[in-house]
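Contents: one structure, followed by commentary.
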Amino acid sequence: MGKIGAFLNLKRVEAPERPPAERVGDFREFVGTLPLVEVREQASRCMECGVPFCHHGCPLGNLIPDWNDLVYRDRWQEALEQLHRTNNFPEFTGRLCPAPCEAACVLEINEGDAVSIKQVELAIVNRGWGEGWIEPQPAARQTGRSVAVVGSGPSGLACAQQLARAGEAVVVYERDEAAGGLIRFGVPEFKIEKRLVERRVRQLVDEGVEFRFGVDVGMDVSAAELRERHDAVVLATGSRVPRDLPVPGRELDGVHFAMEYLYDRARSIAGTAAGGLTAAGKHVVVIGGGDTGADCVAHAHRERAASVTQIELLGEPPPMRPDDVTPWPRWPMKLRTSYALKEGGERSFSISTTHFSGDDGRVGTIHWQENSGAPPFELIAGTEESRPAELVLLAMGFLGPEPELLTELNVERDARGNAAASRYLTSADGVFAAGDARRGQSLIVWAINEGRECAKAVQAWLDGDRHTERANTFVSIATGRPAE
């Protein structure tokens, strides 16, 4: 695997980024890949590990050492085939995944020295599209059966593609005007250009998948109609109920959930809506420190906000991997600075919002106190502070899927409010769940894995294994582990 000794002689090189001062002036992608010759050098650093922990770190079980070696040997088309064996949309994950595979790389024992797996992955698929190697793969024959997939995020798209390639007639119902879910409307254009999402959607259409946009299942189509039209139903609706902040002044105009702002900006950039929410010229406060919060911060920069502040409830994590808490190969709980904060703005940890105030029904000020940094987040006396806040964006995560459709389909929910489907099949016969709707808010790699595994569960059920354990005890081809 790779070049013998390369990991000793070649240093990890990060993917190139456009300078912050330049990229805040447009909406083009700002992260690229190295020239192909240099990508091959980075791939050559992959060792012939006795146990490739990167496989364990990747929920998809990507065959990382295999395609690293093929890239090093300049066998790009074979590398692409290996990449697509486990991942339907590597151009999505290569841009948006936080790369738990790199955290699990054996070279990461020396922190910061992991193989540039994510960059190699993206270079492979980019070349695949550029060379015309990626083509539709329609099924050789049709089964005569029909499956409805509700939701067109990465989980729904992966499930639909796997089923269509197996000969099932698949109809994807999407309440928005285009496919992609949060990748299309939540993740900014400058992290993934939407033409790339549309390119995959066209591939699915060419493989026989039918999309019905602007259809809200439960409203435009009843659950009973859906069950009557199709032999099986897959719920891939995501985890879309946002966590709220019940403090005085929450009702003031100008306090919004992050997704309201991100969806609005996405439609505005695409030219499909005028864009009602804007950060232009305003003092912006983003509450929440994850990817969604970072994307809000970055959009505010591009709108030329007067100021941007991001606050987090939790305390500041350590600068390096804490081996006593998250030892290798686990994902390290350490301090990270998002791409958005590199572009500007302030960040504060251990902050509890106490209330909002304003005039004429509009928010104008946020009031907060420092807290202990860990549950139960006790307030620290004497740390009260107020800041201007003309747009407040709540990016504090999600609680679970919207419950109305689950109720209408008689789908039981687990303790967290997700669809209860330990092996993808729910309590409603013929109704399956996958992705965030089943496991809760998670990573894009988990979403794709869930869609692929759910497709296998649907097929087994349709083949007649409806009342046996086999339908619920799959072993993932991707990971070699039982599907959850």
Side-chain angles (χ1 to χ4, degrees), residues 186 239-265 276-301 303 305-319 333-338 340-341 343-400 416-417 440-441:
S239 178
R240 299 294 296 276
V241 178
R243 181 176 283 106
D244 209 341
L245 183 62
V247 298
R250 167 65 180 88
E251 74 285 353
L252 292 171
D253 189 18
V255 182
H256 299 272
F257 290 119
M259 281 301 157
E260 295 178 56
Y261 177 65
L262 294 176
Y263 264 62
D264 195 88
R265 295 307 306 151
L277 282 180
T278 180
K282 296 179 180 177
H283 295 288
V284 178
V285 176
V286 178
I287 302 178
D291 288 342
T292 300
D295 294 342
C296 289
V297 170
H299 265 303
H301 291 324
E303 287 200 273
S307 68
V308 185
T309 303
Q310 186 174 23
I311 59 176
E312 299 191 37
L313 181 67
L314 293 167
E316 183 173 342
M333 302 300 295
K334 65 179 182 179
L335 181 65
R336 295 176 176 85
T337 299
S338 71
L341 287 169
E343 298 169 353
E346 298 179 24
R347 173 174 58 175
S348 295
F349 295 93
S350 304
I351 300 295
S352 293
T353 302
T354 56
H355 63 286
F356 303 107
S357 62
D359 298 319
D360 301 320
R362 280 202 59 85
V363 69
T365 306
I366 183 173
H367 307 267
W368 71 53
Q369 276 184 263
E370 294 180 19
N371 64 49
S372 59
F377 303 107
E378 297 172 345
L379 299 180
I380 299 175
T383 61
E384 296 85 354
E385 188 174 348
S386 299
R387 291 281 187 95
E390 297 164 299
L391 177 64
V392 177
L393 300 172
L394 307 180
M396 304 182 300
F398 299 87
L399 299 175
R416 296 185 299 160
Q441 182 185 7

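Between the CG atom in L394 and the CE atom in M259 there is a gap of 12.5 Å [rounded to 0.5 Å]. Taking OG from S350 and CG from L314, the interatomic distance works out to 8.0 Å, rounded to the nearest 0.5 Å. Here the CD-CZ distance, from Q310 to F349, works out to 8.5 Å after rounding to the nearest 0.5 Å. Taken from CH2 in W368 to OG1 in T354, the straight-line distance is 10.0 Å, to the nearest 0.5 Å. Within the model, atoms CE of M396 and CG of L313 stand 9.0 Å from one another, a figure rounded to the nearest 0.5 Å. In this structure, CG in D295 is found 6.0 Å from CG in L262, a value given to the nearest 0.5 Å.
Across all their heavy atoms, V392 and A389 have their closest contact at CG2-CB, 3.8 Å. For the pair L399 and P242, the tightest heavy-atom approach, listed with the atom from each and the gap, is CD1-O, 4.0 Å. Closest heavy-atom contact between S239 and G440: CB-C, 4.4 Å. Taking each heavy atom of I380 and T383 in turn, the nearest pair found is O-OG1, 2.6 Å. When all heavy atoms of L335 and P319 are compared, the closest pair comes out as CB-CA, 4.1 Å.
Side-chain atoms of D359 do not come within 3.5 Å of backbone N or O of G364 as any donor-acceptor pair.
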task: Evaluate the criterion side-chain contact (heavy atoms from CB on, under 4.5 Å) for residue pair H256 and Y261; output intermediate values, then yes/no.
output: CA-CA 7 Å; H256 299 272; Y261 177 65; 5.7 Å; no

- request: Check the pair R362 / L252 against side-chain contact (heavy atoms from CB on, under 4.5 Å), numbers first and verdict last.
  value: CA-CA 5 Å; R362 280 202 59 85; L252 292 171; over 6 Å; no

- request: Please assess F398 against V241 for the test side-chain contact (heavy atoms from CB on, under 4.5 Å), listing each intermediate value before the final yes or no.
  value: CA-CA 5 Å; F398 299 87; V241 178; 6.0 Å; no

task: Using the side-chain contact (heavy atoms from CB on, under 4.5 Å) rule, take E346 and R387 through it: C-alpha gap first, then chi angles, then the decisive distance, then the call.
output: CA-CA 12 Å; E346 298 179 24; R387 291 281 187 95; 3.5 Å; yes

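Using cut-offs of 30° and 60° for the angle between ring planes, the H367 and H355 rings count as parallel.
No side-chain heavy atom of M333 sits less than 4.5 Å from a side-chain heavy atom of P317.
Residue R347 forms a side chain to side chain contact (heavy atoms under 4.5 Å, CB included) with just one option from V297, T337, I311, V308, and that option is T337.
Cation-pi check for R250 over F257 is met; the charged atom lies under 6.0 angstrom from the ring centroid and within 45 degrees of its normal.
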Could you list the donor-acceptor pairs under 3.5 angstrom formed by side chains in residues 279-292, with sequence neighbours left out?
{"unit_1": "K282", "atom_1": "NZ", "unit_2": "T278", "atom_2": "O", "d": "3.2"}
{"unit_1": "H283", "atom_1": "ND1", "unit_2": "S307", "atom_2": "OG", "d": "2.8"}

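Residue-environment remark: CG (D253) exceeds the threshold of 12 foreign heavy atoms within 6.0 Å.
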